[in-house]
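Taking it in order: structure first as structure tokens, then the write-up.
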Amino acid sequence: MPGLTVLADANSFFASCETVFDPTLAGKPVVVLSNNDGCVVARSAKAKALGIANGTPWFKIRERARQDGVIARSSNYELYASLSARMMSVMRTYMPRQEIYSIDECFLHAPWNAARTAQASIRMREAVLTGVGIPVSVGIAPSKTLAKVANHWAKDHPQEHGVTVWPRADDVLITEALATIPVERVWGVGRRLTRTLQSMGILTALQLRDTDPVAIRRRFSVVLESTVLELRGLPCIPDQPAAADGERTTQILCSRMFSTPIEGFEGIGQALGLYAQRACHRLRRQHGLCSQVHAFCSTSPFDTDHHYLSLHGVSMLPDPSDDPITIGRAAYDAMRPHFDRHGRYIRAGVMLCGLVDADVFHTLDGLEAVRDDHHLGAVLDEVARRFGPARAGVGYAGIRGSGRHSGDTGAPWSMRRDMLSARCTTRWDEMAVVHAS
DNA sequence: TCTGGGGTCCTAGGACCC
DNA sequence: TCTGGGGTCCTAGGACCC
């Protein structure tokens, strides 16, 4: 139906979240680090201006960054998820349909003309800024891909005041803008495609838009063909099914890097047990059962003194299950026969596949799921609901270290987050304190 | 010393069927 | 013994996203 696609995307979301409850960070170079304080995953505008790239390992730039006055924070996903939910709920009061695309961005459908859509977007942006404290940028266009490009344009051009409106794909101004945008900044064009496209002489978003879509489909795929059509203003990418509570995924993955390497199967077994229980918790939350449990672990690809090892095993469950003990044991059994005791492992993970709907499955005659007869999963879920995540579990999942974050088991390999901010919006004892004088 | 953690979709190719 | 064309389903792997 007629109307425009609106993409609202927070500016430097994680860094902005850190600033909401610590206003002393405003206007300063702030970076947020990945788990184990490994890489930079978000930068404030000032940090970007210092030339810090996303994905940079923190240990490589730490000294220099300190000299430059950069403030680093460990990632505080509990805080970010809470502020994301507030931001999304404010925005959906301004437009009739919202598709939450990631923690910091959503598509909105505006069934109006350009002027009215722009007005609503400006008000929406103001409401999020004053009500939640997060600055967002808005791109408005006939298709999602073009709205994404418009959103980048809004972020890169302060004179747009955070809202870029591109109502007609064939407008000469838009054509001129696309000519200045490198092809790798187009949504759906990653590193590999960029290289191939460049070798064909396609360097800008405009050149991609003006390439024959049929040729693109033959040479690449229907996905990239859609990208070309979307750049021409033809919407091809449908909304994902509503992101309601209990939404189903097709696989569940829980994996982590360790703060120090693990040698030997005992430690790997502990980690697999912990990750299996977290995956299992997510499985029950979406009312699913799984029929395959994958376990994997690997050594560091950066350790040139040792052979790189990447081990992977699968257990097929005789009957689909959501029981933490069954799934934990399956992860352990999947890895055991493949394990190489000579490795120094820095990562392990558990993936649940072959997911089926628990409510549908148990109605099938003659097929009995192994459904957590002892209700251990349900008890663990209730403990988590009342007291927060990771308060109780089997084996290492039931052990708490002295650190505040929920990933800390106290094991030597447990995740490190040395610069964690307070979870102001989800923990009574970490609420922000304001002094008046 | 120290390099994240989730997901989705598409395609090619093999197995199997008529 | 030899042999066609076309379809479906499944899986592994690749590419992408934030």
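What you see below is based on every heavy atom in this structure, not just the backbone, and it leaves out hydrogens, waters and symmetry mates. Labels below follow one simple rule: chain letters A, B, ... track the order of the sequence lines, proteins then strands, and each chain is numbered from 1.
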Categorize [X] for me: base, sugar-phosphate, or nothing, with a 4.0 angstrom heavy-atom threshold over every strand shown.
X: A/Trp187; value: sugar-phosphate
X: A/Asp104; value: sugar-phosphate
X: A/Ile346; value: nothing
X: A/Val32; value: nothing
X: A/Leu33; value: nothing
X: A/Gln251; value: base
X: A/Arg282; value: sugar-phosphate
X: A/Arg416; value: nothing

Carboxylate-amine/guanidinium contact A/Asp239 A/Lys144, below 4.0 Å: yes
Out of B/dG4, B/dG6, B/dT11, whichever nucleotide has its closest atom nearest the side chain of A/Arg256: B/dG6
Minimum-distance nucleotide (side-chain atoms of A/Met257 versus B/dT3, C/dC17, B/dG6): B/dT3
Ring centroids of A/Phe302 and B/dT3 base under 5.5 Å with planes under 30°: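 Base of B/dT3: stacked against A/Phe302.
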A/Leu224 side, atom CG; A/Leu193 side, atom CG - distance, nearest 0.5 Å: 5.5 Å
pair A/Ile327-A/Cys290: side-chain heavy atoms closer than 4.5 Å: yes
Between A/Asn11 and A/Ser137: side-chain donor-acceptor atoms closer than 3.5 Å: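 The answer is yes; a qualifying pair exists.
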Residue-phosphate contact under 4.0 Å: A/Arg62 side-chain N/O, B/dT3 OP1/OP2: no
Residue-phosphate contact under 4.0 Å: A/Lys148 side-chain N/O, C/dC16 OP1/OP2: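 Checking A/Lys148 against C/dC16: no side-chain N or O falls below 4.0 Å of OP1 or OP2.
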